[in-house]
Amino acid sequence: MVFKFRLIGVAALLLAQMSLPVFANNLTATVVSVGDGDTIRVRTGNKTVTVRLACIDAPEMKQNPWGQQSSARLKQLLPVGQAITLRPVETDKYKRLVAEVFVENRSVNVSMVQEGQAVVYRQYLKGCRESKDSLLQGENTAKQQRLAFWSQANPVMPWDFRHKAAQRATSQPIQPQQQNNCDPAYPDFCIPKNSPDLDCPDVTQRGFRVLQPDPHRFDRDGDGIGCEK
């Protein structure tokens with residue numbers, strides 16, 4: 001399927017042409033593949049690393065058609081073999097490198113937001129101090145122009161979509177046919193394996209058993225019980 005992306009104004013485009021911040025920990029890398037609209041695989045040195053684009057959140061792939069459009073656009077911006085520069089922010093619990101991605105002096109994170117293919121992840125915005133203003137201005141422009149994700153009458157934010165999906169999954173008893181797809185760290189109810197990062201407010205259960213490695217870190221005090229409060 002070929003997706004057509006609306007052009008945005010010259011002024012908005014210039015927001016992405018920000019100077020590349022110079023940090024001692026900047027990494028050069030080559031794109032290996034693109035997953036959804038905010039996750040890529042890259043080769044840096046002799047390692048292949050999963051990178052989560054910092055400070056933005058793309059629609060989930062099940063948010064049809066916005067998730068697919070976002071992924072398709074990121075593949076256009078970051079084709080396989082593209083040379084990029086990464087400004088690492090942190091490593092998340094899934095051992096993904098959270099980073100800002102630059103092609104020459106252009107912030108891909110900002111471009112995705114400007115075009116309405118991703119939204120600003122305000123919860124983590126402090127990790128992108130240098131691009132914070134460009135991200136917020138870009139999102140505001142995309143909203144005003146009703147680009148891509150913002151063309152919907154009532155857009156559901158990606159984190160709200162994940163929250164609702166988690167509630168639906170955890171409010172149902174585990175069926176025998178589900179067992180193989182449930183994370184064994186949480187034997188009292190079913191959280192599908194490889195689910196997005198969840199917090200206690202995302203699940204309906206309280207005081208449930210937790211087994212290591214506890215990928216969602218529900219058991220904060222290490223007593224084997226999750227989301228006690």
Taking all atoms of both residues into account, what is the closest heavy-atom pair of [X] and [Y], and its distance?
X      : Y      : answer
Ala54  : Asn109 : O-ND2, 2.9 Å
Pro158 : Phe149 : CD-CZ, 4.4 Å
Cys55  : Tyr124 : SG-O, 3.4 Å
Gly67  : Met61  : O-SD, 3.5 Å
Val34  : Leu78  : CG2-O, 3.7 Å
Val110 : Ser131 : CG2-CB, 4.2 Å

Are [X] and [Y] connected in the hydrophobic side-chain network, where two residues link if heavy atoms are under 4.5 Å apart?
X     : Y      : value
Leu74 : Trp150 : no
Val98 : Leu125 : no
Ile84 : Val32  : no

Side-chain donor/acceptor of [X] to backbone N/O of [Y], under 3.5 Å:
X      : Y      : value
Asp214 : Phe218 : yes
Arg206 : Cys200 : yes
Gln144 : Thr141 : no
Tyr186 : His216 : yes
Gln114 : Glu139 : no
Thr44  : Thr28  : yes
Asn181 : Pro192 : no
Ser151 : Leu147 : no

Between Gln137 and Asp133, does any side-chain donor sit less than 3.5 Å from a side-chain acceptor? no

Between Gln123 and Trp159, a side-chain donor and acceptor under 3.5 Å: no

Would Gln205 and Cys227 satisfy side chain to side chain contact (heavy atoms under 4.5 Å, CB included), going step by step from the backbone distance to the final call? CA-CA 8 Å; Gln205 278 72 10; Cys227 300; over 6 Å; no

Val108 and its side chain to side chain contact (heavy atoms under 4.5 Å, CB included) partner, picked from Ile56, Ile40, Leu77: Leu77

Gap between atom [atom2] of [Y] and atom [atom1] of [X] - 0.5 Å precision:
X      : Y      : atom1 : atom2 : value
Asn26  : Leu86  : CG    : CG    : 8.5 Å
Ser70  : Arg73  : OG    : CZ    : 10.5 Å
Leu135 : Arg122 : CG    : CZ    : 9.5 Å
Lys75  : Gln82  : NZ    : CD    : 15.5 Å
Lys126 : Arg129 : NZ    : CZ    : 10.5 Å
Asp199 : Arg217 : CG    : CZ    : 8.0 Å

Can you confirm whether [X] sits close enough to [Y] that some side-chain heavy atom of one is under 4.5 Å from a side-chain heavy atom of the other?
X      : Y      : result
Asp38  : Met112 : no
Gln63  : Val156 : yes
Leu136 : Val120 : yes
Arg52  : Tyr121 : yes
Val101 : Val42  : no
Lys193 : Pro184 : yes
Ile225 : Phe208 : no
Ser111 : Arg106 : yes

Quick one: which of Asp57, Asp202, Asp36 gives a salt bridge (charged side-chain N to carboxylate O under 4.0 Å, His left out) with Arg162? Asp57

Is there a side chain to side chain contact (heavy atoms under 4.5 Å, CB included) between Thr48 and Arg41 once you walk through the steps? CA-CA 7 Å; Thr48 300; Arg41 292 276 288 172; 3.3 Å; yes

Write out all pairs satisfying ring-ring contact (aromatic ring centres under 6.0 Å, His included) with one or both partners inside residues 28-56, taking only residues at least two apart or from two chains. none

